[in-house]
Amino acid sequence: MLRLDELSRTYLHEGEYTVSAPVVSSSSSTELRPDVAGLISKPRAQVLVIGGGINGIATFRDLALQGVDVILVERSDYCSGASAASSHMIHGGVRYLENGEFRLVRESVQERNRLLRLAPHYVKPLPTTIPIFSTFSGIVSAPLRFLTHKQGKPKERGALLIKLGLLGYDSFSRDGGSVPRHQFAGRKKSLDKLPQLRPDVKYTATYFDAAVENPERLALDLVEDARAVGPNARSANYVEAIGVSGDEVLLRDTVSGREFSIAADAVVNTTGPWTDLTNEALGMPSTFMGGTKGSHIVLDNPALYKACAGGEVFFENNDGRIVLIYPLNGRVLVGTTDLEADITQPAVCTEEEVDYFFKLVSHVFPRIPVDRSQIVYRYSGIRPLPKHDDTAPGFVSRDYRIEPSRLGGTKVPMLSLVGGKWTTFRALSEHLANETLELIGRTRSVSTEKLAIGGGVGFPTTTQATDTWVSAHASDVGAERARALLARYGTKADKVIDAVSAADDDKQLVSVAGFSAAEIAYLVENEFVVHLTDLVLRRTILAFVGDLDQAAFDELSSVVSDALGWSAEQLADERAAAVRDLALFHGLELQAAQAPTVAAAVTD
């Protein structure tokens, strides 16, 4: 694994925002990508959104739907920074009640219910169980923490405190709630349901939240929704904001090194944890941010997967950190940490954090062994939290606010987003879009409250409807594959099926079950793939679930290379960069040198 002390301070990984000397892709060419050429050919827009995480993307979509001439730029790949390091949860945040963040919890619960309807292809109900080992624990410390956010030693919550919290949590779902209310169970029923739990468990409390199975693809759906509106919505990944030129924003295409300026009536900074760095580059230094680092590991542990009984185990540890253990995409996700972070340094999941996660698992499932050999993926990111001085990390507000300013030295209005989380992206983007519309003298014409997202449009939500959809496409790719593609892309599987059916050769990949070369080529050619890591980390979940072994990496490299027309040198550079990133940030050990048989196939 690549060591941190081998890393240059100017190293740029997916989503890390720095302003430095030109960083030109190793696979650059003199020919501009169409998305970049489109920006240069019309270097003016009403709104420029900088930062393509979930909140920037959602704001881009909202503004596009209002008919605004809007541009989105992202310095890395879409949804590759903080948004790619989430716990994959769409949740109200029951613990935020103790922080007094009632508005945020109410909005989060409502948005959770809404996303279950608007994005049913990726957002699924998640039964969540809290194991409880005492009746009255936390009764004294919790009020102190609520009042001061500093005092009161963290302790595991007892049954009484959890009951009060869940009663309040349920109350926020009354208006249009779409999940069942919470239930308490005693020791016997708890162990009947979850027999691997610690035998001294006294109660369990089960409530429903939701999981987003493939957050990066959901974000990509939003990008495509926006661009489908028309030519008023333009975007480009791997384009960074590096400064101000007059009253315009100076941008750089990191693939070609080309610099150009965009004039806008308003600028919106949605670069998450890197908001202050972006503002500094744009001549408006700020000290808004103070994010904390959160890490996760993904385990291939069938016993632990079975022990979760199809739901999440969720609790607050004695150190005040939130613990989650739940089955996801056939594996078990374990998280998370909440540590002070240096935004100028790459966020990686450390060995100390791994040890901590193993202790958490043994705390609730003591009879299930876990070890490093079971880790198929690890990741870490910095939350876009506000500056919090001496407030304990767990008590830093998860709410968001919008800070107005001016583009450095000009009269161009600028808005900076501080905070925000996955669950509330739709409501947040509506709020941010409304303030932006006011700046440019426009009013809202379209609501997103009932607007389905991407492959969620017309997605079948019953067994009968699913069977009908599969039957309608079985003649093209077979029933089994049609069903798999529907699960993978929602109703956007229509386009994938059309593409693979029309391909000259739809041969299945040898090393990657369930994928064909034609399907991968479709993703590369139609979903803004620039680098090899875009495919393996975000257009698919192959790395996340541990299916990216050396053979798969070699075969996928060849398909991507063919689709993008890379030279042998470009392919070698891309493989080397991907191997470095995957090792450092995700704990995946692969070889950059290409196997001779695969290399021959690529050059033939």
Side-chain angles (χ1 to χ4, degrees), residues 79 84 86 88-90 115-127 178 209-225 298 300 305 308 310-312 326-333 376-377 422 452-501 503 506 508-509 512-524 526-527 535-548 552 556:
C79 198
S86 76
H88 288 62
M89 291 175 64
I90 301 295
L115 286 173
L116 285 166
R117 298 191 297 269
L118 301 184
H121 56 317
Y122 292 138
V123 180
K124 311 290 185 181
L126 178 66
S178 56
D209 266 328
V212 55
E213 296 178 343
N214 197 329
E216 291 88 350
R217 289 211 59 85
L218 177 56
L220 192 65
D221 273 5
L222 293 166
V223 175
E224 295 180 340
D225 279 356
V298 182
D300 182 5
Y305 186 92
C308 292
E312 176 186 38
Y326 74 99
L328 183 69
N329 298 317
R331 301 292 184 256
V332 181
L333 181 65
V376 298
Y377 190 74
W422 253 97
I453 297 170
V457 176
F459 184 77
T461 55
T462 67
T463 300
Q464 182 178 355
T466 300
D467 291 343
T468 299
W469 192 96
V470 169
S471 296
H473 296 82
S475 60
D476 296 318
V477 293
E480 182 180 356
R481 191 173 181 197
R483 193 176 299 274
L485 292 174
L486 176 64
R488 193 174 293 160
Y489 305 110
T491 52
K492 285 175 58 181
D494 282 339
K495 296 180 180 178
V496 181
I497 289 172
D498 288 345
V500 300
S501 299
D506 185 32
Q508 294 293 298
L509 295 179
V512 187
F515 284 88
S516 71
E519 181 182 346
I520 296 297
Y522 172 85
L523 299 180
V524 172
N526 294 276
E527 294 190 346
L535 174 74
V536 299
L537 290 175
R538 289 173 289 278
R539 303 310 182 274
T540 69
I541 59 170
L542 294 172
F544 185 90
V545 298
D547 287 344
L548 189 68
L556 290 168

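Bear in mind the structure is a predicted one, so any value in this text is a computation, not a measurement. The figures here come from the full heavy-atom set of this structure, side chains too, leaving out hydrogens, waters and symmetry mates.
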Margin query: Run the side chain to side chain donor-acceptor pair (under 3.5 Å) test on S516 and R481 for me, step by step, so that the C-alpha distance in whole Å, both residues' side-chain angles and the decisive distance to 0.1 Å come before the verdict.
Written below: CA-CA 11 Å; S516 71; R481 191 173 181 197; 2.8 Å; yes
Next item on the list: Decide yes or no for L218 and V123: does some side-chain heavy atom of the first lie under 4.5 Å from some side-chain heavy atom of the second?
Entry: yes
Check: So which heavy atom on C79 is nearest to which on W422, and how close?
Finding: SG-CZ2, 3.8 Å
Check: Given side chains that start at C-beta, do those of L535 and I520 come closer than 4.5 Å, heavy atoms only?
Finding: yes
Next item on the list: Report the distance from atom CD1 of I90 to atom CG of D209, rounding to the nearest 0.5 Å.
Entry: 9.5 Å
Check: Does the pair E224/K495 count as a salt bridge with the N-to-O cut at 4.0 Å?
Finding: no
Check: Does the gap between the ring centers of Y122 and H88 come in under 6.0 Å?
Finding: no
Check: At their closest point, which heavy atom of L537 faces which heavy atom of A543, and how far apart are they?
Finding: CD2-CB, 3.8 Å
Checklist line | Short N-O contact, E213 and R488, less than 4.0 angstrom | finding: no
Next item on the list: Identify the two heavy atoms, one from P127 and one from G310, that lie closest to each other, and give their separation to 0.1 Å.
Entry: CG-O, 3.8 Å
Margin query: Return the CG to NZ distance between L115 and K124, rounded to the nearest 0.5 Å.
Written below: 13.0 Å
Notebook entry, point to check: Is the backbone of V376 close enough, under 3.5 Å, to the side chain of D300 for a donor and an acceptor to pair up by distance?
Noted result: no
Item checked: Derivation and outcome, side-chain contact (heavy atoms from CB on, under 4.5 Å), residues V212 and M89 -> CA-CA 6 Å; V212 55; M89 291 175 64; over 6 Å; no
Next item on the list: May I ask you to test the V512-D547 pair for a side-chain heavy-atom distance under 4.5 Å?
Entry: no
Next item on the list: Check step by step if side-chain contact (heavy atoms from CB on, under 4.5 Å) holds for Y326 and V332.
Entry: CA-CA 5 Å; Y326 74 99; V332 181; over 6 Å; no
Notebook entry, point to check: What is the distance from atom CG of L118 to atom NE2 of H121, rounded to the nearest 0.5 Å?
Noted result: 10.5 Å
Next item on the list: Report the distance from atom NZ of K492 to atom CG of D221, rounding to the nearest 0.5 Å.
Entry: 4.0 Å
Note to self: Any heavy-atom pair between the side chains of V477 and S501 that's under 4.5 Å?
What the structure shows: yes
Check: Would you call F544 and L333 a side-chain contact if the rule is heavy atoms closer than 4.5 Å?
Finding: yes
Next item on the list: Could you please spell out the steps behind the side-chain contact (heavy atoms from CB on, under 4.5 Å) verdict for L548 and L556?
Entry: CA-CA 9 Å; L548 189 68; L556 290 168; 3.9 Å; yes
Note to self: A side-chain contact here means heavy atoms from C-beta on lying under 4.5 Å apart; do R539 and V524 qualify?
What the structure shows: no
Check: Taking all atoms of both residues into account, what is the closest heavy-atom pair of A518 and D506, and its distance?
Finding: CB-OD1, 3.4 Å
Next item on the list: Could you pull out the closest heavy-atom pair between L542 and F515, with the gap in Å?
Entry: CD2-CE1, 3.8 Å
Next item on the list: Decide yes or no for W469 and D494: does some side-chain heavy atom of the first lie under 4.5 Å from some side-chain heavy atom of the second?
Entry: yes
Notebook entry, point to check: Looking at CZ of R483 and CG of L486, how far apart are the two atoms once the value is rounded to the nearest 0.5 Å?
Noted result: 8.5 Å
Check: With side chains defined as the heavy atoms from C-beta onward, is the minimum distance between R538 and L220 less than 4.5 Å?
Finding: no
Note to self: How close do A493 and L485 get, counting heavy atoms only, and between which atoms?
What the structure shows: CB-O, 3.4 Å
Margin query: Applying side-chain contact (heavy atoms from CB on, under 4.5 Å) to Y489 and R217, what does each step give before you reach the verdict?
Written below: CA-CA 8 Å; Y489 305 110; R217 289 211 59 85; 3.4 Å; yes
